[in-house]
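As the structure is a computational prediction, the values presented were derived from the model and not from experiment.
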Amino acid sequence: MTLHRAYVLLAAFYSLLILIGVIAVLAGGGTLLALPLLVLGAMGVTGLWGYILNKGFMSPRMWRPFACLLGVAAVLQLFLVFAASPSGVEITWLLTSAIFSLLLVIILYRYGNRDQALWATPEELEGGMVLGKLLEAQREMTVEKQDEDRQATVRVQKAGNEYRASVVRQREAEVERFEERFTCPATLAFFIEKFTCISVRDFADKYAGGDTSPA
């Protein structure tokens with residue numbers, strides 16, 4: 001069995017658990033905790049399917065906080081099992097939710113990493129291909145640009161499988177300097193165009209004569 005198939009079976013099993021939970025609630029076997037636990041579980045399963053299918057659902061900014069929330073909820077549920085003397089039905093709901101949340105915490109935390117191609121737009125993917133192609137011929141590239149009251153200098157380089165971007169931004173008398181590292185070139189393209197007045201085309205114009213067509 002391949003790892004991908006194992007993940008698919010895991011997601012199918014988690015989806016089945018949510019369905020069983022919904023049926024139990026509709027049949028009168030739920031508790032006051034059942035509805036919020038099902039909502040958290042359904043959100044977690046959505047992220048799990050996104051991770052497996054390599055698709056970006058919702059926003060990457062929400063998944064890591066959600067994973068942390070899920071982890072805190074799992075610990076709280078285990079605490080309630082031993083400290084609050086719940087009924088048999090409540091123990092079943094709490095233990096099931098807590099145990100199956102722990103694996104989701106790890107997967108959803110990975111899923112929320114913005115530095116992945118699955119979160120990139122088609123434009124960012126194309127920009128990443130252009131930057132990757134340019135960096136195959138140039139060990140380091142630097143572009144400086146003035147745009148109205150803003151000025152920026154961006155230096156990008158590739159070291160192994162890692163892309164580095166060093167940025168100097170200036171607006172009036174305020175100067176900012178920062179550096180970021182990425183493993184996905186599409187994220188590098190997103191970062192440059194999001195946080196500076198420089199575009200991927202500026203790099204292509206300087207280093208490839210304006211040829212921005214991906215290989």
Side-chain angles (χ1 to χ4, degrees), residues 1-26 30 33-75 77 93-133 135 158 160-163 165 180-195 200 212-215:
M1 179 183 294
T2 65
L3 181 60
H4 178 74
R5 185 176 181 182
Y7 272 126
V8 170
L9 291 176
L10 177 67
F13 176 67
Y14 272 51
S15 300
L16 181 61
L17 284 179
I18 298 298
L19 179 60
I20 292 173
V22 171
I23 294 173
V25 170
L26 294 177
L33 293 172
L35 186 56
L37 291 179
L38 283 174
V39 172
L40 287 175
M43 285 287 294
V45 170
T46 299
L48 176 58
W49 278 113
Y51 179 82
I52 294 169
L53 299 176
N54 203 34
K55 299 289 185 181
F57 293 146
M58 303 182 190
S59 168
R61 296 180 180 179
M62 64 159 286
W63 288 111
R64 285 191 165 181
F66 179 76
C68 294
L69 173 64
L70 210 60
V72 171
V75 172
Q77 289 166 59
W93 278 93
L94 290 170
L95 282 179
T96 302
S97 177
I99 292 172
F100 288 103
S101 291
L102 296 178
L103 181 57
L104 279 179
V105 170
I106 300 172
I107 294 175
L108 294 180
Y109 193 83
R110 293 177 180 174
Y111 183 56
N113 180 13
R114 177 62 176 82
D115 189 18
Q116 301 180 80
L118 66 91
W119 294 113
T121 64
E123 293 77 15
E124 291 163 2
L125 290 171
E126 183 173 345
M129 291 177 69
V130 171
L131 290 175
K133 180 179 178 181
L135 285 170
K158 184 178 181 181
N161 294 323
E162 186 177 72
Y163 298 90
E180 294 290 343
R181 303 183 180 189
F182 309 100
T183 58
C184 177
T187 314
L188 174 64
F190 161 80
F191 171 79
I192 292 172
E193 299 200 352
K194 175 73 173 179
F195 296 102
V200 172
T212 59
S213 299

> Decide ring pair (Phe, Tyr, Trp, His ring centres under 6.0 Å) for F182 and F190; before the verdict, give the C-alpha distance in whole Å, the side-chain angles of both, and the deciding distance to 0.1 Å.
CA-CA 11 Å; F182 309 100; F190 161 80; 8.5 Å; no
> What are the two closest heavy atoms between G132 and Y163, and how far apart are they?
CA-OH, 4.4 Å
> Kindly compute the distance separating CH2 (W49) from CG (N54), expressed to the nearest 0.5 Å.
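Here the rounded value is 14.0 Å.
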> Could K194 and E180 be called an ion pair, given the rule that one side-chain N must be under 4.0 Å from one carboxylate O?
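Salt bridge flag = no for E180 with K194.
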> With rounding to the nearest 0.5 Å, note down the distance linking CZ in R114 to OG1 in T187.
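Rounded to the nearest 0.5 Å, the CZ-OG1 separation comes out at 5.5 Å.
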> Indicate yes or no: at least one non-hydrogen side-chain atom of H4 is less than 4.5 angstrom from one of I52.
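They are in side-chain contact.
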> Distance from M62 atom CE to F57 atom CZ, nearest 0.5 Å?
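Output value for this atom pair is 12.0 Å.
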> List the atom pairs, with distances to 0.1 Å, where a side-chain N or O of residues 39-48 and a protein N or O form a donor-acceptor pair under 3.5 Å, not counting sequence neighbours.
residue: T46; atom: OG1; partner: A42; partner atom: O; Å: 2.9

> Could you tell me the separation between the CD1 atom of I18 and the CZ atom of F100, rounded to the nearest 0.5 Å?
10.5 Å
> Are the side chain of Q77 and the backbone N or O of A73 linked by a donor-acceptor pair below 3.5 Å?
yes
> Measuring from F13:CZ to I20:CD1, what's the distance to the nearest 0.5 Å?
7.5 Å
> Per the side chain to side chain donor-acceptor pair (under 3.5 Å) rule, what does the pair list look like for residues 98-113, sequence neighbours excluded?
none
> Could you tell me the separation between the SG atom of C184 and the CG atom of N161, rounded to the nearest 0.5 Å?
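Spacing of SG (C184) from CG (N161) equals 12.0 Å.
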> Identify, with sequence neighbours excluded, every residue that meets side-chain contact (heavy atoms from CB on, under 4.5 Å) alongside L103.
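Checked L103 against side-chain contact (heavy atoms from CB on, under 4.5 Å); matches are L10, Y14, I107.
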> Could you report the tightest heavy-atom contact between G128 and A189, atom names first, then the distance?
N-CB, 3.8 Å
> Is E193 reaching over with its side chain to a backbone N or O of V200, donor-acceptor style, under 3.5 angstrom?
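Side chain of E193 to backbone of V200: a pair is present.
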> Short question: side chain of D115, backbone of T183 - any donor-acceptor pair under 3.5 Å?
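At least one qualifying donor-acceptor pair exists.
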> Quick one: sort the W63 and F66 rings into parallel, tilted or perpendicular, breaks at 30° and 60°.
perpendicular
> What is the minimum heavy-atom distance between S97 and L37, and which atoms define it?
OG-CD2, 3.4 Å
